[in-house]
Amino acid sequence: MIEKIKVYGKQKANGKVHISGAKNAALPLLAAALLSSDGMRLKNVPPLTDVTTMLALLENLGITYQVFKDSHYANSIKLKTDALENFTAPYEIVKKMRASALVLGPLLSRLGRCRVSLPGGCAIGVRPIDLHLKGMEALGATIELRDGYVHASAPEGLRGAEFTFPIVTVTGTENVVMAAVLANGTTVLKNAAREPEVVDLANCLNKMGANISGHGTETVVIHGVTSLRSTEHTVVPDRIEAGTYAIAAGITNGRIDLLGGDFRKLLPSFLDKMELAGLSFSSIDNGLRVESSGKILPIDVDTEPFPGYPTDLQAQCMAMLCLADGKSNIRENIWENRFMHVAELMRMGADISVAGTHAQVRGVKHLTAAPVMATDLRASFSLILAALAADGDTVIDRVYHLDRGYCCVKEKFADCGIAIERIK
Ligand code: EPU
């Protein structure tokens, strides 16, 4: 039986939330384990189905692992990587999670060849991996697309090269960095992604013995080394989870202490926008306090690569702006189809019109409960947020999307005085 979530309306947040490790950092870090035969220990890994999928993929390649539960929202994972025996990422796993493509760079780098299923379509956009492949080709790999698979080989090993990404790609940058760390010579990546998750990966790789500099800027330089060693690494806090709970404080006219990271550094543009929308932030021990001013003001938001406003906080922000005192404009510049939550929010009484990648949100006085359906990970949380402020109790279907990227939602909300229920 597929689970649903029931959200009681008109609730007010007051409490604290422990922010987990970032999904989008944990996934490339797990793939990076493939680069060394000495194993790896990752701490602060969020218990999410996407992490389980990546572990299943690694297991399929010959990696063994143990999971240790450090708290209800963080695991440590010990990976044994000496018996890497397979070089295929099969369709059955890749179709569940596009980030599976992150094994391409490490496999090619360590084994000189790999076979990775092409990911299929996705709810938020076409999401090709052509730039990952162009980067690998620049490093000397031969790429063939056959039978729905990418067949990549570099029998003589990869060699350092200069490559400019025509557009900023997060996992593309991560994949090519992982391919380049064991390449012969120096690689210079231009127009690289600057996301904190890319920086976290590069920091971990450097602890393993890689020689990467410039991560966090547009130009990343990688001097190839001959091998990498074991390391222990703690996953960076999830800025998107932190931003999502900040909006929970805003939409419920409440207050939440976000614990576990330097969120001012991780969410610069988001915090600026939220201040304009009426939220206030103050530094506390090990985190940030978010407080509503009691009013939601209209704002204009353009999603952009880091350090710009993150696309992964667009749907949640839109839910809050549905109740703003005026008109807001949202431009989604990363994904061509990331407004699927609009139709669901309108079922709850929102007044939104969409033209291409621009949405205009005209604030209404009230949202009302309605049965709604989650369409993707971030959209599913936007519906929970709208439901917390709505009149009546909302039931959200297809919440398996939520479990891919948000852990312990019920428990975390309980810590700030909010009740939601999972129902069959
Ligand atoms: N793109 C290409 N060709 C490529 C790669 C990307 O055209 O080879 C395009 C995409 O279609 C998109 C843009 O470039 O229009 C940016 O995509 P990017 O490659 O940066 O996205 P991604 O690496 O596949 C990661 C996150 C996403 C997040 C985006 C943007 C992971 C595992 N996923 O995806 O997270 O939205 O960066 O910040 O890191 C989520 O967590 O909900 C999520 C979707």
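All ligand and atom numbering here is 1-based and tracks the order in the structure. Everything numeric here is computed off the predicted structure, so don't read it as measured data.
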**Q.** Arg398 atom CZ, neighbour heavy-atom count above 12 within 6.0 Å
**A.** no

Q. Hey, which residues fall under 4.0 Å of ligand 1 on heavy atoms?
A. Lys23, Asn24, Ala99, Ile124, Arg127, Pro128, Ile129, Asp130, Leu131, His132, Ile167, Val168, Thr169, Val170, Thr171, Thr311, Asp312, Ile334, Trp335, Arg338, Leu377, Arg378

Q) Less than 4.0 Å between a side-chain N and a carboxylate O, is that true for Lys23 and Glu197? A) no

**Q.** Carboxylate-amine/guanidinium contact Glu232 Lys43, below 4.0 Å
**A.** yes

For residues 342-355, run the donor-acceptor check on the side chains, cut-off 3.5 Å, and write out each pair with its distance to 0.1 Å, sequence neighbours left out.
unit_1	atom_1	unit_2	atom_2	d
Glu344	OE1	Met373	N	2.8
Arg347	NH1	Pro371	O	2.1
Asp351	OD1	Arg362	NE	3.3
Asp351	OD1	Arg362	NH2	3.1
Asp351	OD2	Arg362	NE	3.2
Ser353	OG	Arg362	NH1	3.2
Ser353	OG	Arg362	NH2	3.3

Q. Taking side chain as C-beta onward, heavy atoms only, is Val116 less than 4.5 Å from Thr88?
A. no

Q: Could you walk me through whether Tyr149 and Phe87 pass ring pair (Phe, Tyr, Trp, His ring centres under 6.0 Å), step by step?
A: CA-CA 12 Å; Tyr149 277 78; Phe87 57 89; over 10 Å; no

